[in-house]
Number of protein chains: 2
Amino acid sequence: MKVSGNQIIERLKDKRLKVTPQRIAVLEALYTLDSHPSVEKIIEYIKKTYPNIAIGTVYKVLDVLVENQLIHRVKTEKDIMRYDGKLENHHHLYCSESDRIEDFIDEDLDDMLNEYFIKKGIAGFEIEEIKLHIKGKFKDMQ
Amino acid sequence: MKVSGNQIIERLKDKRLKVTPQRIAVLEALYTLDSHPSVEKIIEYIKKTYPNIAIGTVYKVLDVLVENQLIHRVKTEKDIMRYDGKLENHHHLYCSESDRIEDFIDEDLDDMLNEYFIKKGIAGFEIEEIKLHIKGKFKDMQ
DNA sequence: TCTTTAATGAGAATTATTCTCTTTTAAATA
DNA sequence: TATTTAAAAGAGAATAATTCTCATTAAAGA
Ligand SMILES: [Mn+2]
Ligand SMILES: [Mn+2]
Ligand SMILES: [Zn+2]
Ligand SMILES: [Zn+2]
């Protein structure tokens, strides 16, 4: 996802968040691990360079980053939360046989959906965001 | 959702599942509570007519029903699982300010999406199911 | 540099869910 | 219908992801 250290600091400052090593570490982890990681994976990654970070801090930082829309939570059918550092609009491909989740970017699709819903709307509902969850099988069973 | 007791028994038998009062009760709860209830809500509902059901049994029954595709899990960003008894193809409207989740059925949309993906496909991925997660605000703040 | 206030660390607490083991029961069979 | 048996349910303990509490630390502004 290649986001520089300076960009990370900028993003935190833009939201008027204190720039702490822990917050930087969590954002770096999310920008590096573009696999929609669980908290466990995030901690595992951070501990390589920052072995003493507290687990509770990682949870707290993730909450703050989500609240400030610097990251997103990824919806799943599981009891483990997953996180996404990618902010540009995109959809997700879910493997039906594993926990793999990949990004799916398609501007034509977005245009088609926007046009469809601008024309048609949804009675009694004000749309803020439309995401596709596409379930299936990856052909490279990576 | 109006599914009769006989239909419930039929559905269990079709899947070669033993027809137990607990399984019937869970299915009845899901057909009545069409609010994508949590396990807690399901238990609360069942206990009105079946006060001694064991919590562990409800969890087990839900797992079995999901495995047998008699119900679905609903993806959320929360640590509480939610369930859906509606089997016909549909999408979900998520309230951005509460936990409300409503069904959204739109055959034109499904046709448009099917046509789009049949034509375009997704490289390296075999699509099995496409669901929209539409986030926004319900105008009747029910 | 000093001060303030928010963030972190450590570990306990919570709680949704799972597990284990005994008892019960659905349903196939005699 | 009575018997058999494998599967399901019940009870409560265990697990584990997440949250909470509170003492300590540190970011950032004055
Ligand atoms: Mn859990
Ligand atoms: Mn949990
Ligand atoms: Zn993503
Ligand atoms: Zn639904």
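Letters A, B, ... are given to chains in the order of the sequence lines, protein chains preceding strands, and every chain is numbered from 1. All values derive from a computational prediction rather than experimental measurement.
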Find the distance [X]:[atom1] to [N]:[atom2] and express it as a whole number of Å.
X	N	atom1	atom2	answer
B:Arg23	D:dA8	CZ	C1'	6 Å
B:Leu17	D:dA9	CG	C1'	15 Å
B:Glu40	C:dT15	CD	P	10 Å
A:Ile53	C:dA7	CD1	P	14 Å
B:Tyr59	D:dG10	OH	P	15 Å
B:Arg16	C:dA28	CZ	C1'	15 Å
A:Ile55	D:dA17	CD1	C1'	10 Å
A:Lys60	C:dG9	NZ	C1'	13 Å

Regarding [X], tell me which of base, sugar-phosphate or nothing describes its non-hydrogen contacts under 4.0 Å with the strands shown.
X	result
B:Val19	sugar-phosphate
B:Val61	sugar-phosphate
B:Thr20	sugar-phosphate

Return yes if a side-chain donor-acceptor contact under 3.5 Å exists between A:Gln22 and A:Thr57, otherwise no.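 The criterion, which ignores hydrogens and geometry beyond distance, is not satisfied for A:Thr57 and A:Gln22.
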
Are side-chain N/O atoms of B:Lys47 and B:Asn52 paired as donor and acceptor at under 3.5 Å?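 No, because no side-chain N or O of B:Lys47 sits under 3.5 Å from a partner of the opposite role on B:Asn52.
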
State yes or no: are the ring centers of A:Phe104 and A:His90 separated by less than 6.0 Å?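 They do not qualify: ring centres at least 6.0 Å apart.
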
First of B:Asn52 and B:Lys18 reached from the 5' end of DNA chain D, by closest nucleotide: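 Nearest-nucleotide comparison on DNA chain D picks B:Lys18.
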
Find which nucleotide of DNA chain C each of B:Lys13 and A:Pro21 is nearest to by heavy atoms, and output the residue with the more 5' nucleotide.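 In this pair, the answer is A:Pro21.
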
OP1, OP2 of C:dT8 versus side-chain N and O of A:Tyr50: anything below 4.0 Å?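 Answer is no, no contact under 4.0 Å.
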
Backbone N/O of B:Met81 and side chain of B:Ser38: donor-acceptor pair under 3.5 Å: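 No, the answer is negative, given that no donor and acceptor are paired below the 3.5 Å cut-off.
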
Closest approach to the side chain of B:Gln22, judged atom by atom: which nucleotide of C:dT18, D:dA9, D:dT19 is it?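 Closest nucleotide to the B:Gln22 side chain: D:dA9.
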
Nucleotide nearest B:Val39 (side chain, heavy atoms from C-beta), chosen from D:dG10, D:dT18, C:dT17: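 When the side chain of B:Val39 is considered, C:dT17 is the closest of D:dG10, D:dT18, C:dT17.
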
Before you tell me yes or no, could you show the steps for B:His36 and B:Asp99 under side-chain hydrogen bond (donor to acceptor under 3.5 Å, both in side chains), namely the whole-Å CA-CA distance, both residues' side-chain angles and the distance that decides it to 0.1 Å? CA-CA 10 Å; B:His36 310 92; B:Asp99 290 335; over 6 Å; no

